[in-house]
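So that the names make sense, note that chain A is the first sequence line, chain B the second, and so on, each numbered from 1.
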Protein chains: 2
Amino acid sequence: MSLRHGLLGLIVEVPGRSGYDLLKIFELSLGHVWSATQSQLYGELGKLAADGLIEVTSEGPRGRKEYGATPAGRDELRHWLTETTPKPANRDEAILRVFFLGTLEADQARDYLREQGEKAARGHIELAELDASLDWEHDNDGLAPAGRIALEYGKRYMAMRREWAEWALEQIEP
Amino acid sequence: MSLRHGLLGLIVEVPGRSGYDLLKIFELSLGHVWSATQSQLYGELGKLAADGLIEVTSEGPRGRKEYGATPAGRDELRHWLTETTPKPANRDEAILRVFFLGTLEADQARDYLREQGEKAARGHIELAELDASLDWEHDNDGLAPAGRIALEYGKRYMAMRREWAEWALEQIEP
DNA sequence: TTGAGCATGTAACACGTTACATGATTTC
DNA sequence: GAAATCATGTAACGTGTTACATGCTCAA
């Protein structure tokens, strides 16, 4: 139930936003490590509210509803963070494919690895730009300083993948 | 449809195995980057066979069915590898939680990061042991040398996470 | 006044997980 | 003969994706 808790956490840290607002913030931050669609997000907001973990704190034009966490919601978030352990990530299609590079000609396998390396390099640049564009002192979206630590993870992840792809290229027809 | 192609690829590289055999091999190799349950695997074997991408090559005791890839299956694998691009991994609950460490006391946040660092360290050791236990020269399970490249990824991944967790610990109450 | 962006939701389907269910063979 | 392991499958449920559907408000 990670989306549930991710969304709950977002509302705890950034209250007074609509589903629409939350979706935008989600895409820029949490979405990098836990993607969700608009449908899913609205559905989960309804469930969280039905379960009393969040509540509508005000209504605006165009049916806009702003959310805030309830005490029960805060308890649930804390429980999730301190009493349960995250399940390890175990879905990476790009690496899955690596197992089958042996069925291709060396040229094609190298193309694949080169492309993966380039993707990682671009990903690194994007995250570095995102980092530079954010004002960590005045944190407009309320996610600093933990967001900075997550972003650092992303940068290291991309760098690691770029380096690995370069190493892997050397392994094929050395 | 990554499980579909992962399984297809496995049957291409390692033919003449039963669903049960494939499940064991899967858990030790592909399962690290694309987990699947027994149910899912048997279900997908049925679908792959129904679609003519694999076929039962022999039947044994206890209802055992051994599979092999058809020419159409090989084509499909190659198509997947060369004409489509993998979608980036975007589900990591451990990093998702990092965004909310700010809602905890510094002590608890540090506990979390310390635990993540230790997990990564243990993961690294396990993969190094797995690496040492495999005979890459005579590759019994048919996944070398690409399996070695994937394993190297896993080791770098774990090392990166360990180092990141250590860095992150220093960021909290510096 | 028209288009961009705000704002919410539903329905159908695909994929994944958990639990159950069953039985044959081999090994001790 | 009991236990471990081999071996395959189904059913119910939960999660995630895609596509559709609708309408308001604000700025140019």
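- In terms of the side-chain hydrogen bond (donor to acceptor under 3.5 Å, both in side chains) criterion, residue partners of Glu105(B) (sequence neighbours excluded) are, by chain and number, Arg78(A).
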N/O donor to acceptor pairs below 3.5 angstrom from side-chain atoms of residues 163-174 of chain A, sequence neighbours left out:
{"residue": "Trp164(A)", "atom": "NE1", "partner": "Ile149(B)", "partner atom": "O", "Å": "3.1"}
{"residue": "Gln171(A)", "atom": "OE1", "partner": "Arg148(B)", "partner atom": "NH2", "Å": "2.9"}
{"residue": "Gln171(A)", "atom": "NE2", "partner": "Trp167(A)", "partner atom": "O", "Å": "3.4"}

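- Looking at residues two or more places apart in sequence or on another chain, you find no ring-ring contact (aromatic ring centres under 6.0 Å, His included) involving His32(B).
- The side-chain hydrogen bond (donor to acceptor under 3.5 Å, both in side chains) pairs that include a residue from residues 45-55 of chain A are Arg4(A)-Asp51(A), where partners are two or more places apart or lie in different chains.
- Within residues 32-41 of chain B, the residues approached by DNA chain D to less than 4.0 Å at the level of any non-hydrogen atom are Gln38(B), Ser39(B), in residue-number order.
- Under the rule for a ring-ring contact (aromatic ring centres under 6.0 Å, His included), Trp34(A) has no partner lying at least two apart in sequence or in another chain.
- Legend: residues meeting side-chain hydrogen bond (donor to acceptor under 3.5 Å, both in side chains) with Lys155(B), ordered by chain and number and at least two apart, are Asp131(B).
- For the side-chain hydrogen bond (donor to acceptor under 3.5 Å, both in side chains) condition, the pairs that include at least one residue of residues 114-129 of chain B, sequence neighbours left out, are Asp111(B)-Arg114(B).
- Axis orientation changes by 20° from one end of the helix from dT1(C)-dA28(D) to dC28(C)-dG1(D) to the other, with each end axis drawn from 5 pairs and the value rounded to 10°.
- Counting only residues at least two apart or on different chains, the ring-ring contact (aromatic ring centres under 6.0 Å, His included) pairs with a member in residues 78-103 of chain A are His5(A)-Trp80(A).
- Judged as a salt bridge (Lys or Arg N to Asp or Glu O under 4.0 Å), the pairs with a partner in residues 21-35 of chain B (not counting sequence neighbours) are, in order, Asp21(B)-Arg64(B).
- Think of the region where chain A sits on DNA chain D: with heavy atoms and a 4.0 Å cut, that region ends 5' and 3' at dT15(D) to dT25(D).
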